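Proteins get letters first, then strands, A, B, ... in listed order; numbering begins at 1 in each. Note that the structure is predicted; figures quoted are calculated from it, not measured. Values below: every heavy atom of this structure, side chains too, minus hydrogens, waters and symmetry copies.
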Number of protein chains: 2
Amino acid sequence: MSLRHALLGLLAEQPASGWDLSRRFDDLLGSVWPAGHPQIYGELRRLEQEAFIEVESEGPRRRKAYQVTDLGITEVRRWLTDVEVDHTLRLEAVLRSVFFWLMTPDQLSDHLRREAAYYEAVAAGYRQLAEAKDRGDFGHGPQTQSVRIAAEAGARLNTALGEWATWALNGPTVDANPAEPSGQTESSDHR
Amino acid sequence: MSLRHALLGLLAEQPASGWDLSRRFDDLLGSVWPAGHPQIYGELRRLEQEAFIEVESEGPRRRKAYQVTDLGITEVRRWLTDVEVDHTLRLEAVLRSVFFWLMTPDQLSDHLRREAAYYEAVAAGYRQLAEAKDRGDFGHGPQTQSVRIAAEAGARLNTALGEWATWALNGPTVDANPAEPSGQTESSDHR
DNA sequence: TCATGACATGTGCATATTGACATGTCCACT
DNA sequence: AGTGGACATGTCAATATGCACATGTCATGA
């Protein structure tokens, strides 16, 4: 479960309340790791019990801002360096592609056009965010740098998916050049 | 829950047992939609109760092969055409990148090198699969075509992630060319 | 004959995730 | 004074998912 470490990581940046964190997930992390507020509040309670975080201050409407403890910082670091990355992927869009043969050509091209448009729009959003970061709109702190890297992933992934949909639209059989134009050659090239 | 539709889709291709489907998920779909065998057997039971599938034959060791019913076929088709694609993404690797600033430069470059190697290897695997499909190693049926498209997605996505890791490794600030130029200001992250 | 490993299906529990519902506060506006 | 909307936190139930354990079959070779 990466949620707890994500929360610790966000809190390492600055104290925040469950509400803050929930919104942070919605706009920033939600696209790579969705989390509803019930999950967040629940996890925060557990993290506090385990002394990874503590209440930093209490605000207006029951607001409770948390901050990480040294133990918590140690824990995120441990996660980042010692815990194997979970490369599990869950992509409904790609799952569906395995069943494209069940759709009529019309339905399929309609679908692919929509998908391409969707991914291109999302990619464009990430690109704008990346540019804003590069312009220095959010300063140049290390945290901003990290988010910049994450945005780059969003841009690249969605661009790749958009191009994939477009490629699929134009009849894969015709195109004899799969993925792999740039970068060094690994080996075993065919084509 | 896409699992049930994935199962129906696989069964639309040919009758199969829970075991068959489980292996199919392991080698083919597992990378975009993991599913353990308990989940599969459970779902099959439910699908049978709801008359989406039925037992086609019983084999040696308690083996039960299922086949889709007309109702089941209708249901996958409905899913493919009428149900909105769930674009939810869950990528721990990218989630981690938001917290890169908590790692030392050494740890980070070590991490990124490993990641790049991992993604490149996986991408290479998909590329080989794609080539085999293009060579016609699996025939040229529509199902094979669909899998070919899915493999393309795997190749493109993992290639993109590998390039992303490499890009991040070489210091993003130096590289002023993210994914594409163009775009205006806006975005509202932060806070 | 006996052990081994691939085949095949399951149960049970723990945890993760989602969605609906519930509660109350503060602020701005009418 | 009253209303609506953003703020803020939570509970609860239903699913989904993952992991460990359990059971038994069939074919192969020692």
Side-chain angles (χ1 to χ4, degrees), chain A residues 1-8 10-11 15-27 29-50 53 55-66 79 83-84 86-92 95, chain B residues 1-8 10-11 15-27 29-50 53 55-66 79 83-84 86-92 95 188 191:
Chain A
M1 178 216 1
S2 318
L3 176 62
R4 69 183 309 142
H5 295 106
L7 291 173
L8 287 174
L10 288 177
L11 288 173
S17 66
W19 178 261
D20 294 337
L21 294 165
S22 185
R23 265 175 319 152
R24 202 90 206 277
F25 264 85
D26 286 349
D27 14 282
L29 302 177
S31 49
V32 288
W33 202 272
H37 75 265
Q39 227 189 318
I40 291 173
Y41 285 116
E43 196 62 46
L44 284 174
R45 209 180 314 120
R46 254 170 287 160
L47 283 169
E48 192 188 357
Q49 277 175 358
E50 296 169 57
I53 62 174
V55 174
E56 178 242 9
S57 66
E58 310 216 358
R61 323 138 218 218
R62 289 216 284 162
R63 180 196 172 86
K64 264 185 303 180
Y66 294 94
W79 174 65
V83 179
E84 269 300 290
D86 177 3
H87 288 110
T88 307
L89 209 52
R90 217 174 256 285
L91 263 175
E92 209 207 73
L95 178 71
Chain B
M1 179 216 1
S2 318
L3 176 62
R4 71 183 310 141
H5 295 106
L7 291 173
L8 288 174
L10 288 177
L11 288 172
S17 65
W19 178 262
D20 295 337
L21 294 165
S22 185
R23 265 173 319 151
R24 203 91 204 277
F25 264 85
D26 285 349
D27 21 276
L29 302 177
S31 50
V32 289
W33 201 271
H37 75 265
Q39 224 188 319
I40 291 173
Y41 285 116
E43 195 62 44
L44 285 173
R45 208 178 316 120
R46 253 170 289 160
L47 283 168
E48 192 188 359
Q49 277 175 358
E50 294 169 57
I53 63 175
V55 174
E56 177 242 9
S57 67
E58 309 215 359
R61 323 139 218 215
R62 290 215 282 162
R63 179 194 172 88
K64 263 185 303 181
Y66 295 94
W79 175 64
V83 179
E84 270 299 290
D86 176 3
H87 287 110
T88 306
L89 207 53
R90 216 173 256 283
L91 263 175
E92 209 208 72
L95 177 70
S188 60
R191 214 300 199 192

Subject >> Pairwise side-chain contact, Leu7(A) with Ile53(A), heavy-atom cut-off 4.5 Å (strictly under) >> reply: no
Subject >> Phosphate OP1/OP2 of dA16(D): any Gln39(B) side-chain N/O under 4.0 Å >> reply: no
**OP:** Examine dA16(C): is either OP1 or OP2 under 4.0 Å from a nitrogen or oxygen in the side chain of Arg46(A)? Give yes or no.
**Re:** yes
**OP:** Rounded to the nearest angstrom, tell me the gap between atom CG in Leu44(A) and atom P in dG10(D).
**Re:** 9 Å
Original post:
Can you tell me how far P of dT17(D) sits from CG of Leu7(B), to the nearest Å?
Top reply: 11 Å
Subject >> Leu21(B) side chain near Leu44(B) side chain, heavy-atom distance below 4.5 Å >> reply: yes
Original post:
Residues two or more places apart in sequence or in another chain: which of them pass side-chain contact (heavy atoms from CB on, under 4.5 Å) with Gln39(A)?
Top reply: Leu3(A), Ala35(A)
**OP:** Round to the nearest Å and state the distance from Ile40(B) atom CD1 to dA16(D) atom P.
**Re:** 14 Å
**OP:** Let me know the distance between CD of Glu58(A) and C1' of dT25(C), rounded to the nearest Å.
**Re:** 15 Å
**OP:** Starting at the 5' end of nucleotides 3-12 of chain C, put B wherever the base has a protein heavy atom under 4.0 Å, S where only the sugar-phosphate does, and a dash everywhere else.
**Re:** ---BBBBBBB
Subject >> Phosphate contact (dT17(D) OP1 or OP2) by Arg90(B) side-chain N/O below 4.0 Å >> reply: no
**OP:** Return the set of residues passing side-chain contact (heavy atoms from CB on, under 4.5 Å) with Arg24(B) (not counting sequence neighbours), or none when no residue passes.
**Re:** Leu10(B), Glu13(B), Leu28(B)
Original post:
Given side chains that start at C-beta, do those of Asp20(A) and Arg63(A) come closer than 4.5 Å, heavy atoms only?
Top reply: yes
Subject >> d(CD, Glu43(A); C1', dG10(D)) in whole Å >> reply: 15 Å
Original post:
Do Glu48(A) and Arg45(A) sit within salt-bridge range, that is, some charged N less than 4.0 Å from a carboxylate O?
Top reply: no
**OP:** Determine yes or no for a side-chain-to-main-chain donor-acceptor pair under 3.5 angstrom, with Glu92(B) supplying the side chain and Asp86(A) the backbone.
**Re:** yes
Original post:
Nearest-Å distance, CG (Asp26(A)) to P (dA6(D))?
Top reply: 15 Å
**OP:** For Leu3(A) and dT17(D), give me the distance from atom CG to atom P, rounded to whole Å.
**Re:** 17 Å
**OP:** Would you mind reading off the distance between Asp86(B) atom CG and dT15(D) atom P, rounded to a whole angstrom?
**Re:** 18 Å
